[in-house]
Number of protein chains: 2
Amino acid sequence: MANRTTPASAQRGVTMADVARHAGVSRTAVSFVLSSRETASISEDTKHRILEAVQTLGYRPNAGARALASQRSDWYGLVTEIVTAPFAVNIIKGAQDQAWLDKRFLLIASTEQGGGRPDSEHAGMEEAAVEKLLEQRVAGILYAATWHRAVSVPEIIREIPTVLINCFDAEGTLPSIVPDERGGGRRATERLLAAGHRRIGFINLDPDIPAAVGRLEGYYDALATAGVAPDPGLIVSGHATADGGYTAARELLDRSGKAGRPTALFCANDRMAMGAYDAIKEHGLAIPHDIAVIGFDNQELIAAYLRPKLTTVALPFEEMGALGVQTLASLTAGQPITAHQQMVDCPLLERFSV
Amino acid sequence: MANRTTPASAQRGVTMADVARHAGVSRTAVSFVLSSRETASISEDTKHRILEAVQTLGYRPNAGARALASQRSDWYGLVTEIVTAPFAVNIIKGAQDQAWLDKRFLLIASTEQGGGRPDSEHAGMEEAAVEKLLEQRVAGILYAATWHRAVSVPEIIREIPTVLINCFDAEGTLPSIVPDERGGGRRATERLLAAGHRRIGFINLDPDIPAAVGRLEGYYDALATAGVAPDPGLIVSGHATADGGYTAARELLDRSGKAGRPTALFCANDRMAMGAYDAIKEHGLAIPHDIAVIGFDNQELIAAYLRPKLTTVALPFEEMGALGVQTLASLTAGQPITAHQQMVDCPLLERFSV
DNA sequence: GCAATCAACTAACGCGCGTAACTTAGATCA
DNA sequence: TGATCTAAGTTACGCGCGTTAGTTGATTGC
């Protein structure tokens, strides 16, 4: 049996010079053909000979050398804390896929390591990560956060084109891409209103964060448009966990305000919705028959496995990642950015809890 | 106010030559100092001058040029389908962290794009991904799977050092790292036995996959060691979903075999445990008072948010990722690999369902 | 007092490639 | 027929760096 381990290409170092020699042309000709320059004129015949040589020798371009010679690179850096957080990992996927389409590579630098470092140390890691990426001569940097918030980026990041994803810098000097929380909140509330609900409880997150602010605004927007007066008694804040949702839901269900208990619950995230499910079931109520529930975030592992499956608003992680790469591409191409902060829609995913 | 945008370093292209000029030495001297070669002798004085020049000029080495000149690279490629699957993403984290410690970069190539491609197309994507990584001249490749199984890797991957993570090749010719399913199954069952349970139901996955085989073997191991005769009536297979777990659990609970219903349930994954919880609650039973439950996989989003929180066996994703990088490091260093298949322990995480 | 040693460097080459500037043989034109 | 132009290439340089093979002046050994 023939030696099947390695085609000719395996012997490291088939270079353009080898291809040139094999095709009987100069190295430059090979370069011209491979980079398909229109300005240079190479006859169809030799072009064909060269491509054939490439094939038989198993030539593989050396991306590093190419970057060195051409003074530009095919790489974007992605610095992020989200590698661990299964939550927002789809940002990576979106960015990765888009980068792949653009024939670019993503160098991912994780800034989260070991548990519970102090902030100062984390900042140091971020700077180190950016430094490393700059050493790789990336063409630009994506900076992605686990949850939508204001961040302070290391200063050196400003040396090259940068796009923030799922976060924004307090000064507002860097282009950023964030979810349209408000639109999502409106959409969810509208859905409940459309189902005939008028007393809609809202279980909110820590009211200081952008997600809470936006989602609540959207809730108000929808009520206002529908001409329903908001009832402050229907709005509570809870810990962003299943337990928090459980407690908050009990509070709302026990409460018999001026017009009785809510007939629907809009939970500002899916984990809280998970807890709310428990509270509702303990109350002997059925979802969605007795009470409707809508979540937020679309954490698949929760939303798709709750019984009944949870109708929820999705955070557009993948889209944000892709848009980030696109934005970075225009930035590095020198095109001016139209909007400094781009918002991406949060679509409603209909399942069976409404 | 001074122009704060850019330190000297920002002007792209502070090279070693610049540093040398600034320090009044040859470029070679700079190179020697920066790569801290012991063989070369540079006086403390000039060494200091050089480092100072590096500092004031903001010199940053060019990783690409370095790789080109030294004929080796700081990169490992990670080709995987798991970018999307929040599930096994910790493999990436483990690998990333370990690579960072080794001062190496991970180039991640996702092979999963758009939904539901046919297998053939997926294979094509994998080959393209590997090809791209080879163009980057990575020093080695990690190939990681979402779930533990046999895979067939693209042939070109054999051109360079490769380590499989969470999977193995059918021929067994590549070093691989997999979870110790059997040990995990044993550990879970032992825990239930230690809690006094003797009738332990086992809800298994599709019995053909390695995870199902191993976990069941572990279950038998523990029973045998404890001198408990296995009851075939206590073992069922279900769909690997919450619904599947729900159905399977009902079946076990309704069944009043020779010795009544099981007092504990070992579910071969957490999603099924989630469904089992529902079935148990519908039966009016309390966890863990009336019946204990143990899961497998430690899907945080489920296990940590179920009420009560689920005791489960963790898949050592992070460890496998880290071990993968370590193994690859020894491979690329030319050291022979001791074991062709390395197994990593699956620890039991105690929560409140036992 | 002179060869041998050594510390402290430097000159020069090449890694694989992009690219501007030049060459050459044939076609075109006045 | 000589000048001009073009197609089809080639020569030569440099990207930033690692590395080998020197070079140079001071010190040592006898």
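Just so it is clear: chains get the letters A, B, ... in the order the sequence lines come, proteins before strands, and each one is counted from 1.
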Original post:
In whole Å, what is the span from the CD1 atom of Ile42(B) to the C1' atom of dT10(C)?
Top reply: 10 Å

**OP:** Remember a base hit wins even if backbone is also touched, and classify Thr15(B) as base, sugar-phosphate or nothing at under 4.0 Å, heavy atoms.
**Re:** sugar-phosphate

**OP:** Counting heavy atoms from C-beta on, name the nucleotide in dC15(C), dT10(C), dA8(D) closest to the side chain of Phe32(B).
**Re:** dT10(C)

**OP:** Just compare dT10(C), dC17(D), dA8(D) and give me whichever is closest to any side-chain atom of Tyr59(B).
**Re:** dC17(D)

Original post:
Arg66(B) has a side chain; which of dC17(C), dG18(D), dT19(D) sits nearest to it?
Top reply: dG18(D)

**OP:** Answer yes or no: is there an ion pair linking Glu44(B) with Lys47(B), defined by an N-O contact shorter than 4.0 Å?
**Re:** yes

Original post:
Just checking Thr46(B): base, sugar-phosphate only, or nothing, at a heavy-atom cut-off of under 4.0 Å?
Top reply: sugar-phosphate

Original post:
In whole Å, what is the span from the CG atom of Asn62(B) to the P atom of dC15(D)?
Top reply: 12 Å

Original post:
Just checking Ser43(B): base, sugar-phosphate only, or nothing, at a heavy-atom cut-off of under 4.0 Å?
Top reply: sugar-phosphate

Subject >> Presence of Ser26(B) side-chain N/O under 4.0 Å of dT10(C) phosphate oxygens OP1/OP2 >> reply: yes

Original post:
How would you label the contact of Thr28(B) with the nucleic acid (heavy atoms, under 4.0 Å): base, sugar-phosphate, or nothing?
Top reply: base

Subject >> Atom-pair distance (CG on Asp74(B); C1' on dC17(D)), nearest Å >> reply: 13 Å

